[in-house]
Each structure stands twice: as structure tokens, then as C-alpha cells.
Number of protein chains: 2
Amino acid sequence: MDFSKVPLQTVERLSRYRRVLADLQEDGVESVFSHRLAELMGVTPAQVRRDLSIFGSFGNVARGYDVVELHGTIGRLLGTDKLQTLAMIGLGNLGRTLLTYRGFQERGFHIGPVFDRDSEKIGKVYAGRRCYSIDDLETVLPDFKCKMAILACGSSGLDAIVARLADLGIRSILNFVPCRVIPPQGVFIENVDLSAKLEKLSFLSKA
Amino acid sequence: MDFSKVPLQTVERLSRYRRVLADLQEDGVESVFSHRLAELMGVTPAQVRRDLSIFGSFGNVARGYDVVELHGTIGRLLGTDKLQTLAMIGLGNLGRTLLTYRGFQERGFHIGPVFDRDSEKIGKVYAGRRCYSIDDLETVLPDFKCKMAILACGSSGLDAIVARLADLGIRSILNFVPCRVIPPQGVFIENVDLSAKLEKLSFLSKA
DNA sequence: GTGTGACTGTGAATGTATTAACAGTAGATT
DNA sequence: AATCTACTGTTAATACATTCACAGTCACAC
Ligand SMILES: NC(=O)c1ccc[n+]([C@@H]2O[C@H](COP(=O)([O-])OP(=O)(O)OC[C@H]3O[C@@H](n4cnc5c(N)ncnc54)[C@H](O)[C@@H]3O)[C@@H](O)[C@H]2O)c1
Ligand SMILES: NC(=O)c1ccc[n+]([C@@H]2O[C@H](COP(=O)([O-])OP(=O)(O)OC[C@H]3O[C@@H](n4cnc5c(N)ncnc54)[C@H](O)[C@@H]3O)[C@@H](O)[C@H]2O)c1
């Protein structure tokens, strides 16, 4: 599997395919044609076939795609067939909300250690997770074997935190802090900027 | 201004330009070249010039772009130069977190009326905002003159809620519910799917 | 004034993503 | 067994986005 020639947009659709397939599986549907899958996804059938064919030939002319099999295959591709433990930095309003969100668990993610710099929070347990001092990152994090992290902290000194996470083996980061963070070599950062989304909507709705 | 020929990616960058320009303004910088702006944005200088030139000629060969002027121009383009009031559906963990988030206010957005179906919450006031019954949407919402809404509720009956919002003049929606919602004619929906983002990161970090 | 250097705005070139179109195939039908 | 139908996987065509590269412009030096 040559990752470099998978279109980024296709990657973003993969998780949606999986979600749609999970629903079909729940409904007892055994197999599905690109046509129907496209309809459920809101894309063209050609797009579906193209997306899937990048990873192999899973379809069958007579029956289409096997729902259970394809669901499993996409899960393995995404790496979400096994539970992954994430680290989180910042246990403020957002951090606490994310901690109690069940949607992550359902899709193979689990927030493990949480780090903050506020002494009020350090040592306490929230939603079953212990809050550690950000100063203890190097001693605590390795025990959890995390490959991914969530940033839900303040913006000051963010680059330093990212560098430390990278040194500790974190390969990818979901960042809620609305400021530019330059990814260290080999680290992927996905930014979630809600205000930017609202601004985009504001622009579009003027059209 | 012909909106149809503005690349979507450019729209998404507009809010980031504005943020960068706000920082420059704060630092007392009067004008800036595409080069420097590109550096701060993490894109190429050609991209910056192309993006801005779509909306007009704001630059000056000798001084580059006027920081204050461009900041204002982008604000007007995005429609965030005036405060906009949003409606929100769902006052759960996420809804409450968003209500208290200061970042929205800072960028010209204000959550006004909040609707829920839980009688425990209806009538109460959270962070200065009254929670109304979702059944009273038609009577309450018009008073607030909202053009945008946030969905932070459960997934059942979502299409019906979206249809009602559309009928009441909502033009665009920020949706946190992880299921496909088909936008009614003339309504824009931006989906925020955090699990999908994590799955994307999981895939990329296997490369 | 004339020359120099550095910039913007943009046409042309390239790169990336989507859609159209069809060859090849397998089951169903006569 | 020959024909028909409807599908997948893929090649070719199109659309969309970014980058290159340069003509035209302005400020400044001499
Ligand atoms: N709350 C929201 O709805 C929302 C929405 C979008 C983005 N965000 C962003 O997410 C981040 C967190 O938001 P919040 O509302 O939870 O803020 P918050 O102030 O409630 O919490 C921030 C937490 O991070 C901790 N923190 C700050 N700097 C730290 C550091 N260097 N190391 C460790 N811990 C640190 C603080 O002690 C605090 O506990 C902010 O950057 C915010 O802009 C929040
Ligand atoms: N909590 C998170 O961190 C998080 C992250 C990403 C996405 N989401 C999504 O956001 C949504 C809300 O999440 P949450 O954690 O706040 O859930 P929650 O259960 O805490 O709150 C949901 C709220 O919505 C209300 N509600 C449900 N259906 C409604 C309807 N039809 N009309 C009006 N109100 C309705 C409920 O009464 C409840 O108050 C969910 O769809 C969830 O999947 C949540």
C-alpha cells in the first residue's frame, strides 16, 4: 500500500464510508452496489468505485461490495480496528467535554492521560482519568504508548508542547487551539477551528 | 463580486488571513508584503497574491498590503465586521461548552437563543442565555433574526429540525452531529466530525 | 532623467481531484 | 449456448487549485 498516492480527500471519506457501512450492517444488509453507497454518502458512484479501487478490488460484479468485509477492511486501513489511546493536553471546558464524549470510544479512540498546568486540576480524577502535571509529560506519557494527542489548552508555549510530544513518539495531533502550529518533521496536525468554520458559513450565506 | 468563482479553499483561508492580520495590527505593523503574509500563513506568496486578487487589487508595489485596510476588507467580505447572532439546538455537554466559549464573541459571533427538548433544561438560563423548548422554535426564533445555527443535539429527527430552521430563514448551519444531513435548497451545512478527523490522523500516521 | 531592485497582479503551466465512459465480466433469461 | 443486463475497475476527459514566471509599476539612488 503506497500511502503517498492516496488522495487526501479519499482519506477523509474513508471514515464516512465506514460509518455508512456500519449502519447497513446494523440493518442486516449483506452487500451493496456503488450506486447505493454513493447515495448514502452523497457522492457519485464513480467516486465510490474510484475511492475503493485505490486500496484493492473489493467489489463483485453480481453482488457489489460485501458490507461486513468492506467495513472490516476500511477499519484496518484506518487503523481503528483496535482501540487507540490518546493523550490530551488541557482540561478546561473543552477538555472535560471531550473526556465524557462517548462518540470517540465507539469509533476506536480512548483518551488516556490528561495533562494540565493548573495545580487545582493536577492529581484529580475526571471521568475516570487522572490529570497529570504538564511538567511530568516525559515521565508519564511513555507508559500509555500513545501515538496521537489532542490539544485543548491555551495558546502560549504551544510549539514547545508540540515539540515535546513529538519527541515522545506522538505521530499525529488534533488541535483545537486557534493559532498556527508548525508540525515537526513526521508529525501530522489537524486543526479544528470552529470560528473559521462559522466565518466560512457567513461568507457562503451572503452569496 | 461573483461568489461562484471564489475557490472554496480560498474562502477557508480568508479567516486565517484575518487572524494573521489582526496579530500584525496588534503589533503595530502598518503594511505587509505577500512574502511575509505567506510565511505567517504557511502558504506560498503566489497563493496569497492569487487569493487576495480574486476580490480586488489591494496591494501596493512599494508598501505591500495595508494591514488595517485589508483586515477590514476581509471582515466585510466574510460578514464578520458586525456581530451576528446564532441559534443553537441542544444544550448538552457540548452545547454548554460552546455557550461559554469566548472565542466566538471575539470573532463576531454570539449565540443567542438555545433550544432543547429536555424539560429539565427548558426555561433555565445558562451563561446568560435562556433555554427554550424546541417546540417553540417557530415562535421564538424570529425575534432573534438569526441567519446561522449550531446543531449540538441528538441525531434523531435531525432532518426535520433542519427543515424547520430553513423555513425560519436560517441560511447556514454548523453541525456537530455525526450523521449525514442533506442540506435543504439554499442552506449551507458545515459538518464538524471529530471522530472522522481522528480516523484521518490515524491513517496518516501509519504512512 | 535614467537605471536598479523588488514588488503586485495575472496568464500559462502544472498538479490534484472528480466525473464520464467503456471494456470486461458474471449472473439471469430465453 | 447465445443473448441480455447491470455491475466493477480503470482509462481518458474534465474541473478545480496551486505554483511558476514575467510584464508592468513604483520608489529610490545616482
Ligand atoms: N471551549 C470551546 O468551546 C472551544 C471551542 C473551540 C476551540 N477552543 C479552544 O480550545 C482551547 C481550550 O478551550 P477551553 O474553553 O477548554 O479553555 P479553558 O480556559 O477552559 O481551559 C484551558 C485549560 O488548558 C490549561 N492550559 C493552558 N495552557 C496550558 C499549558 N501550556 N499546558 C497545560 N495546560 C494548559 C489551563 O490550565 C486550562 O485548564 C482554547 O485554545 C480554545 O481557544 C475551545
Ligand atoms: N460532547 C462532545 O465532545 C462531542 C464531540 C463531537 C460531537 N458531538 C455531538 O454533538 C451532539 C451533542 O453532544 P453532547 O455531548 O452535548 O450530548 P448530550 O447528550 O450531552 O446533549 C444533547 C442535548 O441535546 C438535546 N436534544 C437531543 N435531541 C434533541 C432534539 N431533537 N431537539 C432538541 N434538543 C435535543 C438533549 O436533550 C441534550 O440536552 C451529539 O450529536 C454528539 O455526537 C459531541
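Remember, predicted model here, so these are calculated numbers, not experimental data. Order of the sequence lines fixes the chain letters, A, B, ..., with proteins taken first and strands second; residue numbering starts at 1 for each chain.
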Inset, instruction - Measure from NE2 on B/H35 to P on C/dG5 and round the result to the nearest Å. - result: 17 Å
Inset, instruction - Give A/L52 one of three labels, base, sugar-phosphate or nothing, depending on what nucleic acid heavy atoms sit under 4.0 Å from its own. - result: nothing
Inset, instruction - Write down the atom of A/F115, the atom of A/S133, and the distance for their closest heavy-atom approach. - result: CD2-O, 3.5 Å
Inset, instruction - Give the rounded distance in Å between these two atoms: OH of B/Y65 and C1' of D/dT25. - result: 14 Å
Legend entry - Atom-pair distance (CZ on B/R63; C1' on C/dG5), nearest Å: 16 Å
Legend entry - Interatomic distance where CG belongs to B/L8 and P belongs to D/dT18 [whole Å]: 10 Å
Inset, instruction - Establish, yes or no, whether a centroid distance under 6.0 Å links the rings of A/F203 and B/F3. - result: yes
Inset, instruction - Grab the NZ-C1' distance between A/K5 and C/dA17 for me, whole Å please. - result: 16 Å
Inset, instruction - Could you tell me whether A/D193 and B/R19 have a side-chain N and a carboxylate O separated by less than 4.0 Å? - result: yes
Legend entry - Given C/dT8, C/dT25, D/dT18, the nucleotide with the shortest approach to the side chain of A/V61: C/dT25
Inset, instruction - Tell me which of B/D51 and A/V32 sits closer to the 5' end of DNA chain D, going by the nucleotide each one is nearest to. - result: A/V32
Inset, instruction - Give the rounded distance in Å between these two atoms: CD1 of B/I54 and P of D/dC16. - result: 14 Å
Legend entry - Phosphate OP1/OP2 of C/dA17 contacted by A/Q9 side-chain N/O (<4.0 Å): no
Inset, instruction - Look at the side chain of A/Q47 and decide which nucleotide, out of C/dG9, C/dT18, C/dT8, has an atom nearest to it. - result: C/dT18
Inset, instruction - Please state whether the phosphate of C/dA12, meaning OP1 or OP2, lies under 4.0 angstrom from any side-chain nitrogen or oxygen of B/R50. - result: no
Inset, instruction - Select base, sugar-phosphate, or nothing to describe what A/R13 touches, counting heavy atoms under 4.0 Å on all strands. - result: sugar-phosphate
Inset, instruction - For B/T10, answer base if it contacts any base atom (sugar-phosphate contacts may also be present), sugar-phosphate if it contacts only those atoms, and nothing otherwise; contact means non-hydrogen atoms under 4.0 Å. - result: nothing
Legend entry - Between C/dC7 (P) and B/L37 (CG): distance, integer Å: 13 Å
Inset, instruction - State which of D/dA17, D/dT18, C/dG27 makes the closest approach to the side chain of B/P7. - result: D/dA17
Legend entry - Sidechain N-carboxylate O distance under 4.0 Å for A/R13, A/D51: yes
Legend entry - Nearest-0.5 Å distance that lies between atom CD1 in A/I134 and atom CD1 in A/I161: 4.5 Å
Inset, instruction - Kindly say if A/T44 contacts the phosphate of C/dT19, meaning a side-chain N or O under 4.0 Å from OP1 or OP2. - result: yes
Legend entry - Rounded interatomic separation in angstrom, taking CZ from A/R49 and C1' from D/dA12: 15 Å
